[in-house]
Asks: 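Questions regarding the structure given below will be posed in turn.
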Amino acid sequence: MLQVAYIRDHKAEVLKGLAKRQIDASMMIDQVLLLDEARRATQTELDNTLAESNAISKEIGNLFKSGKAAEANELKAKTSQLKEDSKALGEQLNEKVNALNELLYKIPNVPHLDVPAGNSEADNEEVYREGDIPKLHAAAQPHWELAKTYDIIDFELGNKITGAGFPVYKGKGAKLQRALISYFLDKNTAAGYTEYQLPLLVNEASGFGTGQLPDKEGQMYHVGEDDLYLIPTAEVPATNMYRDSLLAETDLPIQLTGYTPCFRREAGSYGAHVRGLNRLHQFDKVEILRIEHPEKSYQALEHMVEHVKTILKELKLPYRILRLCGGDLGFTSALTYDFEVFSTAQDRWLEISSVSNFETFQANRLKLRFKNKEGKTELCHTLNGSALALPRVLAGILENYQTEDGIDIPEVLIPYTGFSKIQNS
RNA sequence: AGAGAGGUGGCCGAGCGGUCGAAGGCGCACGCCUGGAAAGCGUGUAAACGGCAACGUUUCGAGGGUUCGAAUCCCUUCCUCUCUGCCA
């Protein structure tokens with residue numbers, strides 16, 4: 001959520017930034033400013049009314065103490081009108097605050113200056129590319145075929161026990177998953193991220209804090225009985241650990257990592273490109289998250305990007321990095337880099353990581369602040385990224401590492417898998 | 001799930017109708033002390049909103065009520081802890 005004070009002081013920049021998302025926000029912003037002004041006026045009026053009744057109450061107290069009950073009772077009569085007034089003003093204030101907030105929830109984050117304008121993924125900007133695309137043998141298969149050939153992932157079985165999008169990994173497929181998780185966590189902790197195991201169900205306040213609610217209500221699985229949501233990403237529980245916090249400047253930066261399954265309803269996203277592991281309702285992901293001093297957050301974003309690069313380089317997967325354009329940028333993000341692995345057998349790029357700086361957008365909702373050197377409270381910047389999302393990395397490995405007689409395991413993973421090849425026995 | 005206890009500042013913890021934004025401690029900042037540090041001593045230190053400021057208002061889990069006046073009394077609700085039950 002944007003800060004009203006910021007909008008007030010930087011209206012032109014806000015509008016210009018939002019225009020990169022192909023949003024003409026001028027109506028909304030004007031409305032925000034109008035409501036904000038009205039809110040302040042009502043607040044002042046309320047404050048004055050309350051100040052008056054407080055003063056009278058104090059006087060009554062003093063009169064009673066000095067035994068002047070008659071005078072005190074006389075004063076009491078005066079308070080009833082003030083009481084009515086303050087009640088009415090209080091209601092007005094509430095209405096205005098609610099209307100203002102509802103509007104603010106609808107306004108996405110203002111993109112960073114580096115974000116290119118654009119409509120869709122076609123306008124994303126490729127900023128880096130690394131790794132050779134392997135030449136596969138003639139009978140090369142996409143990963144869902146490989147999964148069957150080598151009996152390592154069973155999609156049918158998942159259909160049976162749950163439904164589409166819940167694959168069953170077995171044998172070396174399951175072991176490879178576990179190897180990837182361990183490898184990612186080890187890389188992240190070695191880079192200074194503290195490992196966490198987090199709850200997979202979160203309450204409404206948490207969903208709201210990171211911006212999934214109320215905006216993306218339908219994307220999360222909801223457990224009605226207990227009014228909890230299955231997490232769509234570790235970002236939600238991880239970031240919400242710091243909801244309503246006032247940190248010392250010396251606490252920053254905070255860096256953490258965690259492995260969690262992620263659950264997404266993916267309502268309305270069926271189509272040609274959702275085969276196999278490409279899009280699932282349940283998948284595994286290792287996330288990295290940072291809470292930063294505002295002046296250092298973009299440097300931190302670069303560090304995160306570099307970190308993810310080293311992992312992909314070690315895995316020897318061909319990948320590229322995109323700077324998302326305004327139209328493709330997530331609601332809460334100011335700047336996002338997407339990592340995509342080239343899936344050779346499918347001949348397409350698969351998103352495997354998304355690294356974002358949310359600046360104060362989440363922190364504002366979360367009330368995540370720190371006390372700066374001058375002793376003033378200031379909102380932190382939050383950042384997070386996948387390091388990495390498992391299914392598409394797995395798809396990339398299966399497809400790019402396939403040979404005629406099996407699938408090779410990337411060298412860095414062998415210590416984790418305990419085997420170097422997946423093949424039919 | 002049943003019974004009981006409790007939710008107060010950055011943290012811990014006292015307060016149980018006006019003198020309470022709230023004792024005390026820890027932490028933090030500054031100063032003294034020291035060759036330097038620790039310890040010790042002194043001073044300061046809540047947040048949000050409105051206001052150029054002085055200052056005002058709000059906030060003691062959340063929401064409602066009683067009262068001229070509520071951290072304190074009443075109701076509702078959420079959460080935590082302890083015991084019992086169940087259970088990996």
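Quick note on labels: first sequence line is chain A, next is B, and so on, each numbered from 1.
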Asks: Nearest whole Å is fine: how far is B:G10 P from A:Lys367 NZ?
Replies: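 A:Lys367 atom NZ is separated from B:G10 atom P by 13 Å.
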
Asks: Using the salt bridge (charged side-chain N to carboxylate O under 4.0 Å, His left out) rule, collect all pairs that involve residues 30-41 of chain A, keeping only residues at least two apart or in two chains.
Replies: A:Arg8-A:Asp36, A:Lys11-A:Asp30, A:Asp36-A:Arg39, A:Asp36-A:Arg40

Asks: Over all strands shown, is A:Lys371 touching base, sugar-phosphate only, or nothing at heavy-atom distances under 4.0 angstrom?
Replies: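 Sugar-phosphate: the residue A:Lys371, judged by heavy atoms under 4.0 Å, touches backbone atoms but no base.
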
Asks: Calculate the interatomic distance between A:Lys96 atom NZ and B:C49 atom P; express it in whole Å.
Replies: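 Atom NZ in A:Lys96 sits about 19 Å away from atom P in B:C49.
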
Asks: Between which residue ranges does RNA chain B form stems of three or more consecutive Watson-Crick or G-U wobble pairs, both distances under 3.5 Å?
Replies: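 Counting only runs of 3 or more consecutive pairs, the stems involving RNA chain B are B:1-7 with B:78-84, B:10-12 with B:24-26, B:27-32 with B:40-45, B:46-50 with B:55-59, B:61-65 with B:73-77.
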
Asks: Between A:Asn54, A:Leu82, A:Thr44, which is the residue that forms a side-chain contact (heavy atoms from CB on, under 4.5 Å) with A:Thr49?
Replies: A:Leu82

Asks: Below 4.0 angstrom, N of the basic side chain to O of the carboxylate: do A:Lys187 and A:Glu314 qualify?
Replies: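 Result for this pair is yes, salt bridge flagged.
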
Asks: What is the distance, to the nearest angstrom, from the NZ atom on A:Lys376 to the P atom on B:C49?
Replies: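 That distance rounds to 13 Å.
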
Asks: B:A48 C1' sits how many Å from A:Asp244 CG, rounded?
Replies: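 Distance check: A:Asp244 CG to B:A48 C1' gives 12 Å.
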
Asks: Does A:Arg365 count as lying over the ring of A:Phe208, i.e. NZ or CZ under 6.0 Å from the six-ring centre, within 45 degrees of the axis?
Replies: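 Ring-cation test returns yes.
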
Asks: Round to the nearest Å and state the distance from A:Leu247 atom CG to B:G10 atom P.
Replies: 12 Å

Asks: Expressed in angstrom and rounded to an integer, what is the separation of A:Arg39 atom CZ from B:A48 atom P?
Replies: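 Those two atoms, CZ and P, are 14 Å apart.
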
Asks: Enumerate the salt bridge (charged side-chain N to carboxylate O under 4.0 Å, His left out) contacts for residues 81-100 of chain A, please, sequence neighbours excluded, ordered by first and then second residue.
Replies: none

Asks: Considering only the C1' atoms, how many Å lie between B:C87 and B:A14, rounded to the nearest integer?
Replies: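 After rounding to an integer number of Å, I get 40 Å for this pair.
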
Asks: May I ask you to decide if the ring planes of A:Tyr193 and A:His307 are parallel, tilted or perpendicular, using 30° and 60° as cut-offs?
Replies: tilted

Asks: Quick one: side chains of residues 247-263 of chain A, donor-acceptor pairs under 3.5 Å with protein atoms, not counting sequence neighbours, listed by atom name and distance.
Replies:
residue	atom	partner	partner atom	Å
A:Glu249	OE1	A:Lys373	N	3.0
A:Glu249	OE2	A:Lys373	NZ	3.1
A:Asp251	OD2	A:Ala248	N	2.9
A:Gln255	OE1	A:Arg290	NH1	3.3
A:Thr257	OG1	A:Asn188	ND2	3.0
A:Thr257	OG1	A:Glu287	O	2.8
A:Tyr259	OH	A:Asp284	OD1	2.7

Asks: In this structure, how many angstroms lie between the P atom of B:C11 and the OH atom of A:Tyr242, rounded?
Replies: 14 Å

Asks: Describe the nucleic acid contact of A:Ser80 in one word from base, sugar-phosphate, nothing, applying a heavy-atom distance below 4.0 Å.
Replies: nothing

Asks: Closest-nucleotide mapping onto RNA chain B: is A:Arg369 or A:Arg8 further toward the 5' terminus? I mean the 5' end.
Replies: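 Its nearest nucleotide lies further toward 5', so the answer is A:Arg369.
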
Asks: Check the distance between B:G50's P and A:Glu37's CD and give it to me in whole angstrom.
Replies: 12 Å

Asks: Within the 4.0 Å limit for protein heavy atoms, which parts of nucleotides 53-74 of chain B are touched? Write it as a string from 5' to 3', B for base, S for sugar-phosphate only, - for none.
Replies: ---BSS---------BS-----

Asks: Which pairs with one or both residues in residues 298-309 of chain A pass salt bridge (charged side-chain N to carboxylate O under 4.0 Å, His left out), sequence neighbours excluded?
Replies: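 Qualifying pairs: A:Glu306-A:Lys309.
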
Asks: Is the shortest heavy-atom distance from the side chain of A:Leu228 to the side chain of A:Val202 under 4.5 Å?
Replies: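 A side-chain contact is absent here, since even the closest heavy-atom pair is not under 4.5 Å.
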
